[in-house]
Amino acid sequence: MAVLIIYLCVGLALLAALFFAQKVLRIPVTGSPAEVEKFHRISGAIQEGAQAFLRSEYKYVAGFCAAFAVLIYFALGHSSGSQVFGFYSSLSFLVGAITSSAAAFLGMMIATRGNVRTTIGARTSLAHAFRVAFNSGAVMGFGLCGLAIFGLMTMCLLYSQIMEDTRLVMDMVAGFGLGGSTVALFGRVGGGIFTKAADVGADLVGKVEAGIPEDDPRNPAVIADNVGDNVGDIAGMGADLFGSLAEATCAALVIGSTAAGILQAPEAIYYPILISAVGIPVCLLTACFARVNEEARSVEKTLKGQLVISTILMTLAIIGVTEYFMVESFTLGTLAVTRMGVLISVLSGLWGGLCIGFITEYYTSHTYAPVREVADASKTGAATNIIYGLSLGYKSSVLPVLVLAVIVYLSWHFAGMYGIALAAIGMISTIAIGLTIDAYGPVSDNAGGIAEMCELESDVRRRTDILDAAGNTTAAIGKGFAIGSAVLTGLALFAAFLTHAGIHTLDLLNPVVFAGLLCGTVLPMLFTAQTMRGVGIAAFSMIEEVRHQFRTIPGLMEGKAKPDYARCVSISTKAALHEMIAPGMLVLLTPLIFGTIFGVEALAGLLAGSLAVSVVMAISSSNSGGAWDNAKKFIETGKHGGKGSDTHKAAVVGDTVGDPMKDTSGPSLNILMKLMAILSLVFAPFLQSAHAALISWLF
């Protein structure tokens, strides 16, 4: 029965994605012949740039994944003494990587077609434009969930036919999460570097130096900036949350397979997948309530209402699923776990995620005092703006970390390691609606850019600005969800790794473990340094190119000549592909090398240290960047002198500093937390045998 429900929900998700895609694509691109030509030319340039970047990026990713699959095959086959185990683990890895790539590509393709249709909808009404942008985002939300759950469930069923040992089956399926997270690493880092290089170049040279508006068609970096919104905030975010969904579920499956009570009830084995699956009809029902009127406040209220409604409905769904499909009690190690304990674990993650989202909103929305203080600090220059923004980011990490601590305590107390994995699944159980809202933001942002570049009437830009402003608020909430789920997913994978490696107690007084802990604390710092430097290098080239075109193209500033948009897209693409390699290798190779040389206990210390530091850095970076961005937007509403004032210029500088923090380094730390943990889980048998062989050879 559980399997049937899962596949019905998957079918519903894919049909919903198809339905929303058709609704978007059926909207005709209308206007005068000159306007239609502009619409097609500009939206076509954004589509072409986004596709070109993903094609180039996925060539690198495909080559790496093929080589890594070979490594998995030989390493796990040798350490386990079974080439069958190695083969199917590597197959899971490849399927996860392909599925993640396909989901991200699908969402981005619809988004790059929905943007111009949102612009056209804004000529009619705010409600019409909102519906187009929301439907565009829903394709990513439901399509990604359907593909992820379908891939996981199918791998579990197929491998169950090959092996009778459920624990081995779940160990092999864990490769699916590793594949998804590997793609997410390059998607997040590469996409983040691309989008922020373009954004920094467009803002510093266009808005500050040249004094022209945002999305002005005279700015050579404006198309690259719009392309970046799609490859970073849609493809990158999609791959990130695909990884969270797959990895948290894999962690729960691996830990659950060690409990005899769960193994004796086949439907309880798939309980983690079932939780994510029932979230699909819940989110589809929630989407029916997404309606706005012509009032600006209604858009933000509706989007936040989607999160609240989906959480309430999901609570009822989780209670029902737990009652009918989870065993009454089972033993996990020495801990007796009850059905009620499982329910509390899932619900703590679900409601904790909502709390983190709204805490994030408080610190990043200009509706509240913290961001207004940053805007006020801009009156005395960029330096005070940056000081206040950094202070806000550090302070904003306190409450989310406390919420996560409560979730960890409750879930661990009631259901042990299994509870933590279920809390992570609970937090992202409404991922379909969360991703819909996340993807809605870049679509609305692009729609405003197209309206500006096509020089449409002011009412159109006013409506797209309303949509974009609401999207900025919910994007910050989405980042809070993503970070929270990454922490819990990383911790769940860490728990699964300890279980797999046979580590029952981690002694911090052990010098090897403590040394590993200290080494782990510097990894997020080094990773952040590499990604920030990558954005800086790419932005330097972009700034020089934009300045060069302003100087050398006659009539560009007067609007009599067209800039070379393709050149800026090319610069961002090449820089992103080059600069994503070093941080990617740091994350992928460190656990393997460290575990082989120093052993799995030292590696456990490394993972714990990196997880603890990453969560604080990710929250503070994302919230500082979000606060700087919205402080700038608050000033642009006419406060403190409005656009073009010295206060505004100071806020633009602060926003430019925050761009790589909130859209590159901060979100990319999510991948570091998850990917190092799942790498350690998948390679645990190999690392143990490799370390033993090394010690034997040395001594």
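Numbering starts at 1 and runs along the sequence shown.
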State whether Asp465 and Arg462 are salt-bridged, where the test is any N-O pair (Lys NZ or Arg NE/NH1/NH2 against Asp/Glu carboxylate O) under 4.0 Å. no
Check this for me, if you would: do Arg547 and Glu544 make a salt bridge, where the nitrogen-to-carboxylate-oxygen distance has to be below 4.0 angstrom? yes
With no hydrogens and no angle check, just 3.5 Å: does a side-chain donor-acceptor pair link Gln51 and Gln47? no
For Thr528 and Ser665, test the side chains for any donor-to-acceptor distance below 3.5 angstrom and give the result as yes or no. no
Nearest-0.5 Å distance that lies between atom NZ in Lys643 and atom NZ in Lys632: 9.5 Å
Side chain to side chain contact (heavy atoms under 4.5 Å, CB included) with Arg41: which residues, sequence neighbours excluded? Glu37, Lys38, Lys562
Holding to side chain to side chain contact (heavy atoms under 4.5 Å, CB included), I want the full list of residues that pass it with Lys59, two or more places apart in sequence or in another chain. none
Atom CG of Asp646: over 12 foreign heavy atoms under 6.0 Å: no
So for atom OH, which belongs to Tyr58, do other residues, nucleotides or ligands contribute more than 12 heavy atoms lying within a distance under 6.0 Å? yes
Classify the ring geometry of Phe634 against His640: parallel below 30°, tilted from 30° to 60°, perpendicular beyond 60°. perpendicular
Would you mind writing out the side-chain donor-acceptor pairs for residues 185-193 within the sub-3.5 Å range, not counting sequence neighbours?
from: Arg188; atom 1: NE; to: Asp240; atom 2: OD2; distance (Å): 3.4

Report yes if the distance between the aromatic ring centroids of Phe134 and Phe20 is under 6.0 Å, otherwise no. no
Closest approach of Thr302 and Phe289, non-hydrogen atoms and distance? CG2-O, 4.4 Å
Looking at Trp628 and Asn385, would you say the former's side chain and the latter's main chain have a donor-acceptor pair under 3.5 Å? yes
